[in-house]
Amino acid sequence: MPELPEVETTRRGIAPAITGKRVTAVVVRDHRLRWPVPADLQERLQGQRCQAVDRRGKYLLLRFPSGTLLMHLGMSGSLRTVPPATAVLKHDHIDLVFDDSLALRLRDPRRFGAVLWAGENPSEHALLASLGPEPLTTDFSALHLYQLSRGRSAAVKSFIMDNATVVGVGNIYASESLYLAGIRPTRPAGKLTRNDCERLYTAIVNVLTAAIEQGGTTLRDFAAADGQPGYFAQKLNVYGREGEACHACSTPIKALRIGQRAAYYCAACQR
DNA sequence: CCCGATTCCTGTAGGC
DNA sequence: TGCCTACAGGAATCGG
């Protein structure tokens with residue numbers, strides 16, 4: 001399930017492989033993603049050189065002279081760099097072929113991902129315009145969490161998973177961050193103290209940073225551009241560990257549903 | 001504005 | 001073994 005660390009791992013994998021290379025072919029085998037893949041992708045990209053691969057939240061931004069290609073991995077998407085002749089498997093929906101020698105191949109079984117053309121000012125694109133701060137930059141802070149949460153009754157877990165609060169925190173890292181911060185996921189966001197927000201801020205930054213260092217979390221589908229899994233799953237404290245012992249106090253981890261999503265926490269360590 | 005529920009999709013796991 | 005159902009979740013969208 002690609003969250004920020006998985007998308008960043010993907011970015012780091014594909015950027016050196018395609019930056020500076022020219023698109024020689026675009027193959028769209030299935031245009032039915034979250035939104036239809038633009039029919040004019042080939043003519044927009046043909047002959048264009050990829051200038052950079054950036055990331056905004058969980059979106060990858062492939063920069064070309066004529067504009068930016070937005071890619072989102074949804075929940076089951078992955079990007080690999082493969083020789084163009086590599087056998088196509090089920091769910092391999094799109095190839096961007098570079099210099100006739102390398103294909104950037106999008107695989108997405110559940111098709112929740114997106115590939116969209118954003119033009120020359122992608123930050124003005126509707127999908128990017130209202131995103132909150134990047135968690136690993138100085139745009140994000142404890143004060144931001146504190147101020148934005150005032151008067152909010154939603155559970156803090158829903159609050160930090162909202163991309164308007166901060167980008168990149170999905171279901172796994174939300175539970176992990178709240179565990180590290182010692183905060184129950186059900187707490188109304190508006191009841192967080194300044195100190196809570198300090199600990200939550202630090203926890204989010206630390207957990208995302210550590211996950212990137214491990215190449216992300218592979219539970220089932222996720223793989224980096226070279227096909228390798230991420231190893232952060234070995235470091236999870238609460239996610240998916242219902243009934244297992246808390247690493248700190250041995251209390252069995254509890255699970256519940258918040259906003260139709262599984263949440264995991266230690267009732268002893270988190271208040 | 002805010003918030004919770006619904007929706008999209010397919011593979012997998014669990015129950016019987 | 002096979003069939004059925006529930007569940008996984010990013011995030012837009014909708015209804016209250």
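Every chain is numbered from 1, with letters handed out A, B, ... down the list of sequences.
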*Asks:* Quick one: is B:dC3 close enough that its OP1 or OP2 comes under 4.0 Å of any side-chain N or O from A:R152?
*Replies:* yes

*Asks:* Heavy atoms only, 4.0 Å cut-off, all strands: where does A:D108 land among base, sugar-phosphate and nothing?
*Replies:* nothing

*Asks:* Decide yes or no for A:L61 and A:R56: does some side-chain heavy atom of the first lie under 4.5 Å from some side-chain heavy atom of the second?
*Replies:* yes

*Asks:* Using whole Å, report how far CG of A:L106 lies from C1' of B:dC9.
*Replies:* 14 Å

*Asks:* B:dT10 phosphate, OP1 or OP2: any side-chain N/O from A:R111 under 4.0 angstrom?
*Replies:* yes

*Asks:* Are A:H72 and C:dA11 close enough that a side-chain N or O sits under 4.0 Å from OP1 or OP2?
*Replies:* yes

*Asks:* With a 4.0 Å limit, can you tell me whether A:H91 has a side-chain N or O closer than that to the phosphate oxygens OP1/OP2 of B:dC9?
*Replies:* no

*Asks:* Counting the atoms with a prime plus P, OP1 and OP2 as sugar-phosphate, which does A:S158 contact under 4.0 Å by heavy atoms, base, sugar-phosphate, or nothing?
*Replies:* nothing

*Asks:* Tell me: CG of A:L60 to P of C:dG10, nearest whole Å?
*Replies:* 16 Å

*Asks:* A:Q260 has a side chain; which of C:dG9, B:dG11, B:dT6 sits nearest to it?
*Replies:* B:dT6

*Asks:* In terms of side-chain heavy atoms of A:P109, which of C:dA8, C:dG10, B:dG11 is nearest?
*Replies:* B:dG11

*Asks:* What is the distance, to the nearest angstrom, from the CG atom on A:D162 to the P atom on C:dG10?
*Replies:* 13 Å

*Asks:* Between B:dC2 atom C1' and A:R150 atom CZ, what is the distance in whole Å?
*Replies:* 16 Å

*Asks:* Rounded to the nearest angstrom, tell me the gap between atom CD1 in A:I172 and atom P in C:dA8.
*Replies:* 12 Å

*Asks:* Could you check how far CG of A:L148 sits from P of B:dC1, rounded to whole Å?
*Replies:* 13 Å

*Asks:* Taking atom P of B:dG11 as reference, at what distance in whole Å does atom NZ of A:K90 sit?
*Replies:* 4 Å

*Asks:* Taking only the side-chain nitrogens and oxygens of A:R261, find out if one of them lies under 4.0 Å from OP1 or OP2 of B:dT6.
*Replies:* no

*Asks:* Produce the list of close N/O pairs, under 3.5 Å, pairing protein atoms with atoms of nucleotides 13-15 of chain C; give distances to one decimal.
*Replies:*
none

*Asks:* Report the residues that fulfil side chain to side chain contact (heavy atoms under 4.5 Å, CB included) with A:A245, sequence neighbours left out, ordered by chain and then residue number.
*Replies:* A:S250

*Asks:* Rounding to a whole Å, what distance do you find between A:F112:CZ and C:dG10:P?
*Replies:* 10 Å

*Asks:* With under 30° as parallel and over 60° as perpendicular, where do the rings of A:Y201 and A:F140 fit, or are they tilted in between?
*Replies:* tilted

*Asks:* Is a donor from one side chain sitting under 3.5 angstrom from an acceptor on the other, for A:N163 and A:K58?
*Replies:* no

